[in-house]
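Report on the structure given below.
The structure displayed is predicted, hence computed values, not measured ones.
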Amino acid sequence: MKLKRKPLVLAIWATLLNLPLVPAAHAAGTATTSLQAAPQGTERLSALLVRQGWLPGVLPPEYRLSSLLVLAPASADAIEQQMARDRAIQALRLANRNNPALQQVLQRVGAMPVNGRLKLESTDANYLEARPEFDPVLKSTYTVVLPLATNTVTVLSDLGTCVVPHQATAPAKAYIEACIGKQSAWKSWLGVDTPVDWAWAAHPNGTVEKLAVNGWNQQPQGGPAPGSWLWAPSRSVEGEQKQHDAIAGFLATQGEFVQLVQTSAAVDISAENTPSPVVESRADTALTQKSLLPEFEPAEPKPLETGEPWYLSSSDWGVVGLLQTPTARMRPAGSYSATFSRTSPYSRYSFMLQPFDWMEAGFRYNNLTNRRFGVSTTNPDQSFKDKNFDVKFRLMQESAHLPELSVGFRDVAGTGLFSGEYVVGSKRVGAVDFSLGIGWGSLGAGGGITNPFKALGDSFETRPNASFGLGGTVDTNTFFKGPAALFGGAQVQLPWEDWVLKLEVEGNDYQSEPFGDNQEQKTNVNVGLLHRVNDYMDFTLGYERGTEVMVALSFHEKLNTFGTPKLSDPPSPKVNEAPPTGPVSWPVVLEELKQQTGWVATQVQGDEGELKLIIDEADAGYWQYTIDRATAVLHKHAPAEYAWFNYEYRAKGQKISQHIVDRNLWVRQRTTLLPNAWRDMPATKQRERVKYPYQTLHLNPQSPWNTSVSAGYRQILGGPDGFILYQLSALGNVSYEITESTVASGRVRAALLDNFDKFTYTAPSNLPRVRTFQREYATTSDFTIPNLQLTHYGKLGSDVFYTAYGGLLEDMFAGVGGEVLYRPMNSPVAIGVDINSVKQRDFEQDFGLRDYQVNTGHATLYWDTGFEDILVKTSVGQYLAGDKGATLDLSRVFDNGVKMGAFFTRTNVSAEQFGEGSFDKGVYVTLPFDAFFTQSVAGTANLVFNPLTRDGGAKLSRSVELYDFTNARDPRLLTYTNPAAQ
């Protein structure tokens, strides 16, 4: 058989590189063979790919580089793969003894070869050469196989196993239906058209993906790649997700899902059949492909149906829902949404957070455009702004036959003007999501049904009148009481991906609106059309009450996966396996360290096998990322004798924390592809390590002066003088270290741009005015001194920190105080106590003081619970107005450092004394600056919504809090990562 000639350019290129265009097995014309190669010595995968000519644009189209397998059957990875597979099979067999079809399928999986396939980041030689940590060193026992590309998808299920022809864009559901058949029409109508709800796609490149594959749960997803397995256990199969993950993970080790059998293939080496001298004359052993499970029946090669994606969106009120009504749906944990809607006479501005999969919460401003505040002297026409808090809890997740069920509370801690409760269920049927619920309060004012809670007592028949005077309390006495109404509707995903139709029947008749502002309602049926402008913005146009046009704009994003590639960071030094030789210039090393990390090392010390850097005022957006860059610098310069790198962080003369890096493990993880156990082992650990004496190798003293200029912004929302009152300012910061532990610091503020000329309203107060003079402090002077203080830092033992301070402590108070904090290294618990004696400052915020004086302080417990990443902060003590009580702060910190939280304070001050709002409360989001910039930067942006500024429950705003000061002791510090940093 004659070989096909290749283009002349490729032939010349291959000749120059002394490479064969194709391996001999392919040259022999064996159309059913896989290509295989053995490593030469201990070469890397990238070198083998180049040597074999397995390169993009050169490889014949019958092969896909993404399906390349590196097989190591005698490796630790092979043992790990076999153990994971066997554990999963055993567990599934025991749990499904009465499912003989599943037993047979599991037996087939158990008979598949354990090949120790390595997980590859890439099969592109250029990429691997640039990233050696993903470029495995190949041993002589390894085999590299490039299977002949298949054009099928293999379905493996207890309901049927078969090979289905691959079709572009077809979803996983289509392959499963083609294999096991569809169910009856009525089941299809209910959205349970197959008895399989979840499937695991094991792609030929070794990745695994869990997919929702039924009518009730199908989500946007790409189709399985040709050559994939689909592990699709039926709904009746009992077992944990980790077991199905293990089965699919093992299937992913099988490559293009073919059985590889060694056969001898003789190559025609006659002169007339030899196209080029670069093809060697030899007999080759090839790997031929056979069907992995030949008893599989081929599925009918008919067109596969595609499914429409599903979409979650906000209602007019900001919560996930239809228009005026909520649904039971929730966004993924870590999401936020901001919605702006207008339906005369209401404009609504909502900001919702999803701290957990099962909880949606947030706040809203309702703008009653036909009602006035009536207390402003500069803006008497300012419309009335009503502040709301909402929360919704998921009670039950949707399944094949049961709906998702949630309970929610509208305006639960505001004035109660729009308060209401609801229980709602949602069930998806293909491209339609139906919802049906019962509402009370504003959601059930139209009545129409008997309150189901009446069975618990006659008190549920009548809804007590809400107290609109103070607001802010959670009035449980009204919950689920009074008239009740059904509401519900449907969201329809239209055939055009970016368009969604919303239809609903609401339970409000608009005849019990706040302030008697009742509205005409010709029909309680509302309709809307949503357009997905892009991945993070929706626009909705609707028609409500039969009289009013509604428009809404909603922004949404998953904050917990947000990040920005570090394109502006300097390239990190390339990591070589061999350490450097020759002398070290420590000034050069420390300058490069500063460029790479922003860290300043004041000392370099050495001991037997250990190199220690003293880092002054260390901070980082993402610590592990910064430590890796620092280690790359040290490995580039430090002699081979140092096997450990010790980063000791100090601030104001105090040792805060240490990170120890195992240099050899760190280098191996970046220069070779290790077994999973080694790959996942942390090379950086946070722990105390003291070895004396260290030899000082270099000193790098710093100036005691530190100055900076920054921008400032502050705002006041929802007041009678204007919805937004704002000020932009310039901030000048300066500090001087009198001693290593004693610092004088200050800040000046110069107002640049604001609309505080409209700020004329001072809220009434029944308490000492410790915060309600905010207008006077904000408008009296354009040049102020927010802070000027002397601070001393110290330690009492290794885990107890203290600080003492005095001066102009914040905008409104001056005085003296101190704090002590007990925080062991890596401990989830810390305890602190602060005590302060302060006096109120003059409105000019210079050096003058007013007559009011108070002692204030708190004992605070910090507890990282480990449950759902929740941090609990509880403070008990005396506040600035002299009131005594406690503050509870609950927050969740996600893996990228984003924090979502809420707080409230209750003191011995009554709601009448506190005034509007009844007690202090708020919600907040903390965002790492590093997530927003293309260059690594430390610090966070804190966005706090505190609906009212009152005098009760007010804390002193201290410029230094020891819990933040000792942040480097956080046990989760190294786990925070920027998803887009690489």
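Every residue two or more places apart in sequence or in another chain that forms a side chain to side chain contact (heavy atoms under 4.5 Å, CB included) with L861 is listed here: V829, I831. Residues satisfying the side chain to side chain contact (heavy atoms under 4.5 Å, CB included) criterion with K795, sequence neighbours excluded, are Q654, K655, F801, R969. Listed by chain and residue number, nothing satisfies the salt bridge (Lys or Arg N to Asp or Glu O under 4.0 Å) test with D864 (two or more places apart in sequence, or in another chain). Partners of V937 under the side chain to side chain contact (heavy atoms under 4.5 Å, CB included) rule, at least two apart in sequence or in another chain, are F929, F933. With sequence neighbours excluded, no residue forms a salt bridge (Lys or Arg N to Asp or Glu O under 4.0 Å) with R950. Considering only residues two or more places apart in sequence or on other chains, F340 meets the ring-ring contact (aromatic ring centres under 6.0 Å, His included) condition with none of them. Scored by the side chain to side chain contact (heavy atoms under 4.5 Å, CB included) test, N836 finds Y805, D834, V838, T856, L956, R958 as partners (sequence neighbours excluded). For E810, the salt bridge (Lys or Arg N to Asp or Glu O under 4.0 Å) criterion is met by R771, not counting sequence neighbours. Scanning for salt bridge (Lys or Arg N to Asp or Glu O under 4.0 Å) contacts around E617 gives K652, with sequence neighbours left out. Residues passing the ring-ring contact (aromatic ring centres under 6.0 Å, His included) test with W599, sequence neighbours excluded: W623, Y649.
Note that K921 lies in the cation-pi zone of F919, set by a 6.0 Å cut-off to the ring centre and a 45° limit from the axis.
Residue pairs meeting the ring pair (Phe, Tyr, Trp, His ring centres under 6.0 Å) criterion with at least one member in residues 825-862, sequence neighbours excluded, are F773-F843, Y777-F843, H858-Y879, Y862-Y963.
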request  = Give the C-alpha distance, both sets of side-chain angles, the deciding distance and a yes or no for side-chain hydrogen bond (donor to acceptor under 3.5 Å, both in side chains) between D883 and Q878.
outcome  = CA-CA 6 Å; D883 50 333; Q878 179 163 294; over 6 Å; no

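Separation of atoms OG1 (T966) and CG (D964) is listed at 8.0 Å; rounding is to 0.5 Å. For the atom pair L553 CG and M537 CE, the distance stands at 6.0 Å (nearest 0.5 Å). We find the NZ-CZ distance between K758 and R775 to be 16.0 Å, quoted to the nearest 0.5 Å. One finds the CG atom of L973 at 9.5 Å from the CG atom of N826 (value rounded to the nearest 0.5 Å). For the atom pair CG (L593) and OG1 (T631), the distance works out to 9.5 Å, reported to the nearest 0.5 Å. To the nearest 0.5 angstrom, S891 atom OG is 8.5 Å from I870 atom CD1.
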Distance-only donor-acceptor pairs under 3.5 Å for side chains of residues 897-905, two or more places apart:
residue : atom : partner : partner atom : Å
T905    : OG1  : T887    : OG1          : 2.7

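Of the options Y349, Y336, Y924, F945, a ring-ring contact (aromatic ring centres under 6.0 Å, His included) to F363 is made by F945 and by none of the others.
Looking at D782 and R749, no side-chain N of the basic residue comes within less than 4.0 Å of a carboxylate O on the acidic one, giving no salt bridge. A salt bridge links D869 to R972: one of the charged nitrogens lies within less than 4.0 Å of a carboxylate oxygen.
The side-chain heavy atoms of S745 and N787, taken from C-beta on, include a pair separated by under 4.5 Å. Counting only heavy atoms from C-beta outward, the side chains of E648 and Q603 never approach each other to under 4.5 Å.
Ring geometry for F723 versus Y365: interplanar angle over 60°, hence perpendicular rather than tilted (30 to 60°).
Heavy atoms of other residues, nucleotides or ligands lying less than 6.0 angstrom from OH of Y822 number 12 at most.
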